[in-house]
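Any value given below was found using the heavy atoms of this structure, including those in side chains, with hydrogens, waters and symmetry copies removed. As the structure is a computational prediction, the values presented were derived from the model and not from experiment.
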Amino acid sequence: MSKRASLTHDSPALELELPLLAPQERNQRRRSGSGTIPLCIMHDTGKPSPTNTKPTSPTIPPTQQAARPQSPAAAAAASGLDPADDEDETDIIGDLMGHYGKWQLLMTVLLSLFQVPNTFHISSSVYQAANKDFWCQRPPQLQQMPVDVWRNLSGSADNCHRRDGIDWSRLSNETTSQWELPQDGNGKMVACENWEYETHDNVGNTWTSEWDLVCDKEHLKQVAEMFFLLGVATGGIISGYLSDKFGRKTMLFISAVLQTIFGLWLYICSSFELYLTLRALLGLVSVSVTYSGLILAIEYVDGKWRTIAGMYNLFPLPISYMIISGLAYLTQDYQRLQLCIGIPGIFLCFLWFVVPESPRWLLVKGRIDEVRRIIEAAAKFNGRQLPADYQLTPPTQESSSQDFTYLFRSSYLRRISICFLCIWFTMNLVYYGIILNMSSFGGNVYLNSALAGLVEIPAIALAMYIITKVGKKWLFCATLICAGVACCCAAITEGRADLLWLKITFLMMGKFTISAGNTIMPVYTAELYPTPIRNVGVGACNVAAGLALILTPYLSLLNKIEDHLLMTLLTAWSIFGGVVVLFLPETAVRSKASNSSPGQGSAPHPNASAAKQV
């Protein structure tokens, strides 16, 4: 029997579900013998369709209604919206070309490769902005003088000032007797104008040594990274809209081309002001690559595979963390590293000739011929036989009035909206607080970063397996609480050189658990928001995440105030996030039951619509 599906096309990158006709309505039509359902995909505007016949339900006394916990479906109804359906439901495009097969596997794996340059660019500052040992520049004739002797002579305890009024030309490297402090100094200190940097520190040339970002200009390193993350935050808000308007594939490859251009431009850039601008633009297009690629991968599949495809899209992240740590160790120069991480984007741009546009987006736009070509190619690759007379009807376009206010129109929506705003802020602050401050934790930054990427691989795999078996609430809460405990233990060992190995161990445990939580968060968010307002909900959460990203570069400055402050802050936010999760409803483990009757085949269980009930 053909089906009528509902496709939300105005969704951001994290839109994980394409709901179908409500199971109650299908059952009612079967009982009334209304025949087949039209073969078309309807645009989900969040408004009740005038052609749909809503099944009547028994009248429930108000007291009993109030006693029931609200679900996403009930919240949607209270706000005048259509409820979301079970994510295991499928649509006609999936029925034709296959819900998941060799074609979908190939395309989603290729799209996951776009995460590689994104991860390179967001984590490059760990190495490019690494701190270096520095001191005031020695006079030309004193270049052979030991640095500690020079610091004593110049009185440069902070490496930012030196003694004034001294004729350094009287000193030379000839005899050690001349290394005594001259007596004609006036005791005043003046700011150094130029600096020298340690060359044998396994860090090499960085932003610090290239533009003298030390002393009163040290904060500009955080500004440079903040510009990138500001672009990420801004792009996260607008990329969903652009992807819906111009197409997922179009936005993906336009953004990928611009990402490659900006990435390679940074290699030859010599002006710090231009460097800041390019970093902001790079962040803007990088997040568009992430979102467009993710939603395109999700729209190639349907049913339960949407969640799985969305999650294994994250697997290139930890691998990329390990690769860039190796590249940084081999290059030890911020420019050469920038060249290495900019080149991969060139090869990804050639996937334009391999990856097709989302057939579901094309159908919404009425481009039937293109949809047919994609379906036929995918079905052939998957070894499926298409019906000879199948029809595709573009949906009726309607305006949608959902906006930010819909997130607070019922007690249920208010509760999950406030909770998710806090959780997304917390998750991004802690997750990127660990990743982007790896150089300030002590030990070998290359080894630490590689280990942080390595532990994320089993974290993602384990989270993918567990959330398909159990509800997400308690697992999500446990990941945040355990991350907080690990950060607390790391804070206790802070400042103990003999316990550095133990501190790194606790940090890796925290990275493991927070990575698992980061995998669960978008799926959990998508499930709890009703489909018609999921776009608005995820968009609001991205704003909170963007605020956290902007603050992340400045976390490293906390250790200059007090050694334990950074890890203590991450501990507090992790535990806070875990407590907030407790206020969210649980998601049920979904299962399908079927009732069969002669001549009808299998029908959804009458309680299938309760799959999202709390």
Side-chain angles (χ1 to χ4, degrees), residues 11-15 93 97-98 100-122 235 239-240 242-265 281-302 305-306 308-321 323-324 327 339-363 365 367 369-382:
S11 59
L14 293 176
E15 176 61 39
I93 291 182
M97 68 181 187
Y100 192 86
K102 293 183 294 182
W103 184 85
Q104 286 89 342
L105 175 62
L106 175 62
M107 294 303 160
T108 51
V109 168
L110 289 177
L111 288 172
S112 71
L113 297 179
F114 284 91
Q115 295 285 0
V116 174
N118 289 344
T119 307
F120 284 167
H121 290 304
I122 197 169
S239 60
L242 295 177
S243 178
D244 295 330
K245 184 174 180 63
F246 300 106
R248 286 75 162 102
K249 176 183 176 180
T250 302
M251 281 306 302
L252 171 63
F253 283 94
I254 288 177
S255 300
V257 170
L258 291 176
Q259 181 187 61
T260 304
I261 293 173
F262 294 146
L264 294 176
W265 195 350
L281 294 174
L282 183 63
L284 184 70
V285 297
S286 293
V287 74
S288 182
V289 170
T290 298
Y291 282 3
S292 300
L294 179 59
I295 192 172
L296 186 56
I298 289 170
E299 290 187 358
Y300 283 154
V301 301
D302 65 354
W305 298 104
R306 287 191 294 270
I308 297 174
M311 295 181 69
Y312 75 62
N313 191 267
L314 300 175
F315 265 115
L317 270 69
I319 298 174
S320 302
Y321 289 136
I323 292 175
I324 192 174
L327 291 174
L339 178 63
C340 292
I341 66 179
I343 287 178
I346 298 176
F347 302 100
L348 291 177
C349 293
F350 288 102
L351 291 179
W352 170 271
F353 303 102
V354 180
V355 175
E357 181 58 89
S358 165
R360 292 172 171 87
W361 181 85
L362 290 171
L363 188 59
K365 298 300 183 181
R367 294 155 64 172
D369 291 339
E370 296 177 63
V371 178
R372 286 183 178 276
R373 287 196 294 269
I374 295 173
I375 290 177
E376 290 167 4
K380 180 180 179 180
F381 198 86
N382 287 337

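Under the rule for a side-chain contact (heavy atoms from CB on, under 4.5 Å), the partners of Val289 that lie at least two apart in sequence or sit in another chain are Phe114, Asn118, Leu252, Ser255, Ala256, Gln259.
Using a 4.5 Å heavy-atom threshold, the side chains of Leu363 and Glu370 count as separate. Under the 4.5 Å side-chain criterion, counting only non-hydrogen atoms from C-beta, Thr119 is not in contact with Ile324. Taking the side chain as every heavy atom from C-beta outward, Trp361 and Ile295 never approach each other to under 4.5 Å. A 4.5 Å side-chain heavy-atom check between Met251 and Ser288 finds at least one atom pair inside the cut-off.
Panel note: side chain Gln104, backbone Gly101; a donor-acceptor pair is recorded below 3.5 Å.
Contact between Arg248 and Glu299 at its shortest, heavy atoms only, is NH2-OE2, 2.8 Å. Scanning all heavy atoms of the two residues, the minimum distance from Met97 to Arg360 falls at CE-NH1, 4.3 Å. Residues Ile341 and His121 approach most closely at CD1-ND1, 3.8 Å, considering heavy atoms. Residues Ser112 and Asn313 come closest through the heavy atom pair CA-ND2, 3.6 Å.
When each of Tyr100, Trp305, Trp103 is tested with Thr108 by the rule side chain to side chain contact (heavy atoms under 4.5 Å, CB included), just one qualifies, namely Tyr100.
In this structure, CG on Leu296 lies 9.0 Å from NZ on Lys249, to the nearest 0.5 angstrom. Distance CD1/Ile319 to CD/Gln115: 11.5 Å, rounded to 0.5 Å. The structure places CD of Glu357 at 10.0 Å from CZ of Phe253, a figure rounded to the nearest 0.5 Å. In this structure, OG1 in Thr250 is found 11.5 Å from CG in Leu242, a value given to the nearest 0.5 Å.
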Check against side-chain contact (heavy atoms from CB on, under 4.5 Å), Phe120 and Ile323
CA-CA 9 Å; Phe120 284 167; Ile323 292 175; 3.6 Å; yes
Show the atom names and distances, to 0.1 Å, of all donor-acceptor pairs under 3.5 Å that link a side chain in residues 342-356 to residues at least two apart or in another chain.
none

